[in-house]
> 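Right, I'll just put the structure down here and ask away after.
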Amino acid sequence: MTSAACSGLAPNALGGHCGHMRKIIIDCDPGVDDASALFLGLAARRELDIVGVTTVAGNVGPALTARNACWVRELAKRDEVPVYAGCARPLVRPPLDARDVHGASGLGGLPVGVPAKGVEPQHAVAWLVETFRKAAPCSITLVITGPATNMAAALAMAPEITAALDEIVVMGGASREGGNITPSAEFNVYVDPHAAAAVFACGVPITIFSLDVTHQVRTTADIVTRFRASGARIPALMADLFAFSNTIKHDVLDAPGAPLHDPCTIAYLLEPSLFTLKPCSVAVETASAIAMGHTAVDFRARQGQAMPIKWAVQADAERFFAMLLARVSAL
Ligand code: BDR
Ligand code: CA
């Protein structure tokens, strides 16, 4: 079965999986907001079967993103979920990190410890290929919250692996909002635009949470207070992460609180009604120096052109944070 054949089945809602847990892989570069996304995913024990977490160079270097994923896993008491370290640099362009936004460790001001359990010996890309090859058709959802290097490399090695995927859910890109790393590019896509272009074109149904929607989900002072006041262990830690992000000078200065990008992906899997999605096609700029990593989003159905991607345009931030707090309080 080709992945295109999944599109009728791809549920965009957990109910579409007939009551079964949804199998997901989280490919990330923790990163303060990746950490929150991991906490939310790891808390969803009844809905999400996290087959594995893969890490990539992005917000900080590859050794730190791998270490941070293991540390978050340990804090969540989910050491049974394997973590695989992946690509150490983008496919074509030179590496670029975001230490200025995520702190030298990648996790803001948190006192990051050495996790008792480390990464698995296998490289993330080899593991992705092996896992997708073994999987039933349309049986796994891939969530990407960092540069898309790992999946692009896996696709180059074994293009047929798309058959295993029912959906790819991505944090990346920007249209209406403009960029955060350049005037027109968002960080994840800018860091590895060639990888993003390959993944967006792979034929699997893709849902994208760009800055257009993540800029609506902000950790205002009130949100920080609510998480801290909950009295629970992980929300208190997340309040520290939010407070750290709020000290950083942000790209969009006309709204209070830093955007909480990456957890939108997992929140969508758990509560699709939090978001409004619009079908579109997306092209990634990989040639122009000025517009490198720009995502050109077309919402108009042109004759003969497929609209294979769903682009989130609206978020219910109040419900999002209520859900996030309730779920991570259980960790
Ligand atoms: C994205 O870039 C990273 O810094 C964040 O973790 C998020 O994935 C936002 O542009
Ligand atoms: Ca990220």
Side-chain angles (χ1 to χ4, degrees), residues 25-41 53-62 64-69 72 83 86-87 90 93 95-108 110 124 142-151 168-193 195-196 199 207-219 238 241-242 244-252 255 257-268 284 292-295 311-312 315:
I25 293 171
I26 304 177
D27 184 44
C28 57
D29 63 336
V32 294
D33 57 330
D34 300 82
S36 292
L38 285 170
F39 282 133
L40 179 58
V53 171
T54 52
T55 59
V56 67
N59 287 321
V60 286
L64 291 181
T65 57
R67 187 271 318 257
N68 292 347
V72 167
V83 174
C87 293
R93 286 175 52 75
L96 175 74
D97 66 45
R99 265 175 284 176
D100 52 334
V101 175
H102 296 265
S105 73
L107 292 180
L110 291 189
L142 176 67
V143 176
I144 304 179
T145 65
T149 320
N150 285 336
M151 185 55 187
I168 301 176
V169 183
V170 174
M171 191 282 130
S175 177
R176 189 185 58 206
E177 280 289 298
N180 60 359
I181 183 81
T182 73
S184 63
E186 178 279 331
F187 178 80
N188 288 340
V189 177
Y190 181 79
V191 169
D192 201 338
V199 171
T207 305
I208 300 183
F209 293 82
S210 75
L211 302 184
D212 293 3
V213 73
T214 65
H215 280 183
Q216 298 169 30
V217 178
R218 290 176 178 272
T219 54
M238 288 170 68
L241 289 174
F242 299 163
F244 177 88
S245 295
N246 287 349
T247 65
I248 308 294
K249 187 166 177 282
H250 276 281
D251 42 286
V252 177
L260 190 60
H261 308 283
D262 293 341
C264 291
T265 56
I266 306 286
Y268 155 74
V284 180
M292 183 64 73
H294 172 66
T295 41
W311 188 266

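First listed ligand is number 1; within each ligand, the first listed atom is number 1.
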> Please identify which atoms of ligand 1 are closer than 4.0 Å to at least one heavy atom of Thr145.
8 (O)

> So which heavy atom in the protein is nearest atom 6 (O) of ligand 1, and how far is it from that ligand atom?
Asp33 OD1, 2.5 Å

> May I ask you to identify, for Asp34, whether its side chain, its backbone, both or neither come under 4.0 Å of ligand 1 on a heavy-atom basis?
side chain

> Side chains of Thr214 and Met171: does their closest heavy-atom pair fall under 4.5 Å?
yes

> What atoms of ligand 1 come within less than 4.0 Å of a heavy atom belonging to Glu186?
1 (C), 2 (O), 9 (C), 10 (O)

> If we check side chain to side chain contact (heavy atoms under 4.5 Å, CB included) with Val72, which of these qualifies: Asp34, Leu38, Leu110?
Leu38

> Check if Val101 has a non-hydrogen atom at a distance under 4.0 Å from any atom of ligand 1.
no

> Report the residue from Asn59, Thr149, Asn150 that forms a side chain to side chain donor-acceptor pair (under 3.5 Å) with Asp29.
Asn59

> Say whether, by atom type as modelled, one donor and one acceptor occur between the side chain of Glu186 and the main chain of Gly173 under 3.5 angstrom.
yes

> Below 4.5 Å, heavy atoms only, C-beta onward: do Leu260 and Arg218 meet side chain to side chain?
no

> At less than 3.0 Å, how many protein N/O/S atoms surround the Ca ion (ligand 2)? Leave waters out.
5

> Flag the pair His102 / Asp33 as yes when at least one side-chain heavy-atom distance between them is below 4.5 Å, and no otherwise.
yes

> Which pair of heavy atoms, one from Ala57 and one from Pro62, lies closest together, and at what distance?
CB-CD, 3.9 Å

> Donor-acceptor pair, Asn246 side chain versus Gly257 backbone, under 3.5 Å?
no

> Give the residue, atom name and distance (to 0.1 Å) of the protein heavy atom nearest atom 8 (O) of ligand 1.
Asp262 OD1, 2.6 Å

> For ligand 1, which atoms sit closer than 4.0 Å to a heavy atom of Phe187?
2 (O), 3 (C), 4 (O), 10 (O)

> For the CZ atom on Arg99, are there more than 12 heavy atoms of other groups (residues, nucleotides or ligands in this structure) within a distance under 6.0 Å?
no

> Return yes or no for this condition: an N or O of Asp29 is under 3.5 Å from an N or O of ligand 1.
no

> Is His261 close to ligand 1, meaning an N/O of one under 3.5 Å from an N/O of the other?
no

> Quick one: closest heavy-atom pair of Phe209 and Cys264, and the distance?
CD2-CB, 3.9 Å

> What part of Asn59, side chain, backbone, both or neither, has a heavy atom within less than 4.0 angstrom of ligand 1?
side chain

> Looking at Tyr190, I'd like to know if the NZ or CZ of Arg93 sits under 6.0 Å from its six-membered ring centre while staying within 45 degrees of the ring's axis.
yes

